[in-house]
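Notes to accompany the following structure.
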Amino acid sequence: MKAVRGIKQMVAAAKIIKAKGKTVGFVPTMGALHEAHLGLIRRAQRDNDFTVVSIFVNPAQFAPAEDFKKYPRDIKGDARLCKKEGVDILFCPTVKEMYPEDFSSFVEVKGLSGVLCGKSRPGHFRGVATIVTKLFNIVSPDVAYFGQKDAQQALIIKRLVRDLNLPVKIKVLPIIRDKDGLALSSRNRYLSGAERKDASVLFSALKLARGLVNKGIRDPREIVRRVSGLIKTKKKARIDYVSVVDLGNFGPVKKIKDNCLIALAVWLGETRLIDNIIISGKRN
Ligand code: PAF
């Protein structure tokens, strides 16, 4: 595995691969890698000639009061995992090079960035869209891989790729869960024992929603009420949002008919976790 820090070096490495007519699969991450990341890496390897993984904790997607400083960083452990998985290039740029002092250009995906997580984390998706665009320009991937846990991020990236005609295909892979259903996330390591126990309520609540839809409930307000009620039974849990939205544009849904996303964000103590499921009014 080749470890690359400089942007120029990464651009040059990608050029050499492309000149050979080979394809590049790209997995952008913020590190603290877990099984869900490894799933993306394995899929990238299966589909492409070369796999590039980036690790960059992106300051632009954290608000000043958020967890940028304490975000888990384990570059050595991550590099070991990438090497074991047979990653070809590990790209770990510096903040200084990615965001020089006079950095002043941002990518904004309007509309989609203002709902759900975008409401509670203003500026977050502008930071994500900007860094992902920069990484795509540097790595020149044929295909980039993202997880469905960050459903809103995935939709925003698909939209920006379409709107800006970026020559990359986006693949979104299903959520990977722990035994009790908790979606894997680097932030799970913040949880205390009691919070971790209560965190399983996120997936229980989503399963409850699916059950209600299967029983014929089509009113999103009823689903939100019942899901919120279950989450509130856990002492450590505080709801940020529970929403039923149209899967195609994350707009509001009056009646559950075709494919919808039930998405939620819940605080467990100081840790904010997100999860979602896709449901259809027809059959789940
Ligand atoms: O999902 C993440 O880890 C990040 O938001 C991403 C896509 C690597 C951009 O920083």
Side-chain angles (χ1 to χ4, degrees), residues 4 7 10 24-41 43-44 51-63 66-75 77-79 81-82 87 89-95 97-99 103 105-109 112-113 116-118 120-139 141 143-161 164 166 168-176 183-190 263 265 271-276:
V4 174
I7 293 175
M10 183 62 240
V24 173
F26 178 42
V27 182
T29 81
M30 296 207 299
L33 302 181
H34 48 67
E35 268 307 311
H37 295 115
L38 301 187
L40 301 179
I41 291 171
R43 182 60 190 272
T51 302
V52 177
V53 173
S54 67
I55 296 179
F56 181 68
V57 185
N58 172 33
Q61 68 189 75
F62 292 81
E66 290 184 344
D67 56 341
F68 173 69
K69 275 207 177 119
K70 78 163 189 183
Y71 196 84
R73 288 162 172 90
D74 177 16
I75 196 75
D78 289 344
L81 282 175
C82 287
V87 167
I89 300 179
L90 178 60
F91 176 48
C92 304
T94 63
V95 172
E97 204 186 1
M98 289 300 260
Y99 295 111
F103 185 89
S105 309
F106 291 88
V107 178
E108 204 163 341
V109 181
L112 288 180
S113 297
L116 305 181
C117 289
S120 349
R121 304 185 67 190
H124 168 68
F125 289 116
R126 182 174 96 138
V128 170
T130 302
I131 196 67
V132 168
T133 306
K134 280 172 70 68
L135 288 167
F136 285 174
N137 284 334
I138 295 165
V139 174
V143 191
Y145 297 82
F146 296 88
Q148 171 65 14
K149 182 180 75 67
D150 299 295
Q152 191 173 6
Q153 167 173 284
L155 188 68
I156 286 171
I157 291 166
K158 278 185 180 168
R159 178 69 63 84
L160 98 83
V161 163
L164 302 182
L166 303 184
V168 56
K169 225 192 243 160
I170 303 300
K171 280 207 175 143
V172 182
L173 301 194
I175 297 175
I176 307 293
L184 297 192
S185 161
S186 304
R187 288 190 168 97
N188 291 354
R189 19 184 127 176
Y190 296 153
T271 307
R272 184 177 174 280
L273 299 179
I274 56 172
D275 202 349
N276 66 79

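As the structure lists them, so they are numbered: ligands from 1, and atoms in each ligand from 1. Please read all numbers here as calculations on a predicted model, not as lab measurements.
Side-chain atoms of Arg73 come within 3.5 Å of backbone N or O of Lys69 as a donor-acceptor pair.
Nearest heavy-atom pair, Ala44 versus Val27, reported as atom, atom and distance to 0.1 Å: CB-CG2, 4.0 Å.
Heavy-atom contacts of Pro28 reach the following atoms of ligand 1: 8 (C) (cutoff under 4.0 Å). Under a 4.0 Å criterion applied to the non-hydrogen atoms of Gln153, ligand 1 contributes the atoms 1 (O), 2 (C), 4 (C), 5 (O), 7 (C). The Ile131 neighbourhood of ligand 1 comprises atoms 9 (C), 10 (O), with distances under 4.0 Å to a heavy atom of that residue.
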Next item on the list: Please test Lys149 against Ser185 for side chain to side chain contact (heavy atoms under 4.5 Å, CB included), starting from the C-alpha separation and ending with a verdict.
Entry: CA-CA 9 Å; Lys149 182 180 75 67; Ser185 161; 3.8 Å; yes

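Considering SG of Cys82 and CG of Leu33, their distance stands at 5.0 Å, rounded to 0.5 Å.
Considering both main-chain and side-chain atoms, Thr29 never comes within under 3.5 Å of ligand 1 through any nitrogen or oxygen pair. Of the N or O atoms in Gln61, one or more lie within a sub-3.5 Å distance of an N or O in ligand 1.
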Hey, can you pull the donor-acceptor pairs under 3.5 Å for the side chains in residues 53-61, sequence neighbours left out?
from: Asn58; atom 1: OD1; to: Ala60; atom 2: N; distance (Å): 3.3
from: Asn58; atom 1: OD1; to: Tyr99; atom 2: OH; distance (Å): 2.5
from: Asn58; atom 1: ND2; to: Gln61; atom 2: OE1; distance (Å): 2.8
from: Asn58; atom 1: ND2; to: Gly127; atom 2: O; distance (Å): 3.1

